[in-house]
Amino acid sequence: MTITNETQRVALLEAGQRLAHVLAALEEKVAPGVTTEELDDFAEKLIRDGRDTPAFLGYTPEGASRPYPATLCVSINDEIVHGIPNEHPKTLKEGDIVGLDLGLVHEGIVVDSALTVPVGKVDRKAQQLMRATRDALAAGIAAARPGGHVGDIGAAIQEVIEKAGFSVVKPLGGHGVGDRVHEEPFVPNFGRQGEGEKLVVGMVLALEPISSEGRAAVMIAPDGYTYRTKDGSRSAHFEHTILLEESGPVIVTKP
Ligand code: MG
Ligand code: MG
């Protein structure tokens, strides 16, 4: 969506703060022995307690054959994104890295954010993968300026991930958000400065670098949703919804 008035802007920022609050509570709950279904139930409860609506539950993304059956996406280790937490629940183990991706609708506005968190103590490479992907998100946000281009964001994200020795998972990326879960423009996590769609004031974007420690080829599980790395290497994912203002990007889902 493009924000055109102060009422929308206030509602968007409030939506983002509500989502940040739920994600922070989920992050705190992550521990060995917790199941993915418990995380999903908790996310749904917190969203509904705030009188908001889960954005992913019942949403059918382009190309999917059925609506998404949960509130939260939980993607563990070699699962890249869109792991379903409640159909065949898994138990988190010490040393796992777990991606939590969540969207909610507040006053008709959709916001989307994700992070990857360690379960207990994780190895050094997992820490590096998560740090590089979080840093890539920060670089992508910093590169998102009105008057610039979508390619500025992708180039910044790609540089950080590849300099750290990891791969960009190319089929997946960021997107416009606000009126719906996924809107134009698609925002690849790679590209060249000055290329792609122009960025304008008021634009609301979900930026979401997705990386892999190995090669970045993907496959989709039989559930039709869970993306995994083909080589079994681990993946990390961080996402914020941002608003492009005259003065630069505002992180709507900043905790
Ligand atoms: Mg997301
Ligand atoms: Mg997204």
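Quick note: residue numbers are just sequence positions, from 1. Just follow the structure's listing: the first ligand is 1, and inside any ligand the first atom is 1. What's counted below: heavy atoms across the whole structure, side chains too, no hydrogens, waters or symmetry copies.
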*Asks:* Looking only at side-chain N and O atoms, does Thr91 offer a donor or acceptor that is under 3.5 Å from a partner on Thr35?
*Replies:*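 Not at all, the side chains of Thr35 and Thr91 share no donor-acceptor pair under 3.5 Å.
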*Asks:* Taking the six-membered ring for Trp, are His82 and Tyr227 parallel (under 30°), tilted (30 to 60°) or perpendicular (over 60°)?
*Replies:*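 Correct class here is perpendicular.
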*Asks:* Would you say the side-chain atoms of His237 and Thr116 include a donor-acceptor pair closer than 3.5 Å?
*Replies:*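 No, no side-chain donor-acceptor pair sits under 3.5 Å.
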*Asks:* Side chains of His175 and Asp112: do they bring a donor and an acceptor to under 3.5 Å?
*Replies:*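 A pair is found: one side chain offers a donor N or O, the other an acceptor, under 3.5 Å apart.
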*Asks:* In chain order, what residues pass the side-chain contact (heavy atoms from CB on, under 4.5 Å) check against Asp135, with sequence neighbours excluded?
*Replies:*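 Here the qualifying residues are Arg131, Val160.
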*Asks:* With sequence neighbours left out, what residues match Lys163 under side-chain hydrogen bond (donor to acceptor under 3.5 Å, both in side chains)?
*Replies:*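 Once residues adjacent in sequence are excluded, the partners of Lys163 under the side-chain hydrogen bond (donor to acceptor under 3.5 Å, both in side chains) criterion are Glu159.
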*Asks:* With sequence neighbours excluded, tell me which residues meet side-chain contact (heavy atoms from CB on, under 4.5 Å) with Thr60.
*Replies:*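 Partners of Thr60 under the side-chain contact (heavy atoms from CB on, under 4.5 Å) test: Ala64, Pro67.
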*Asks:* Among the protein atoms near the Mg ion (ligand 1), how many are N, O or S and lie under 2.8 Å away?
*Replies:*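 Total protein N/O/S atoms under 2.8 Å from the Mg ion (ligand 1): 4.
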*Asks:* For His175, what is the atom name of its N, O or S atom nearest to the Mg ion (ligand 2)?
*Replies:*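 Result: NE2.
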*Asks:* Within His182, is some N, O or S atom less than 2.8 Å away from the Mg ion (ligand 2)?
*Replies:*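 So His182 does not bind the Mg ion (ligand 2) by this criterion.
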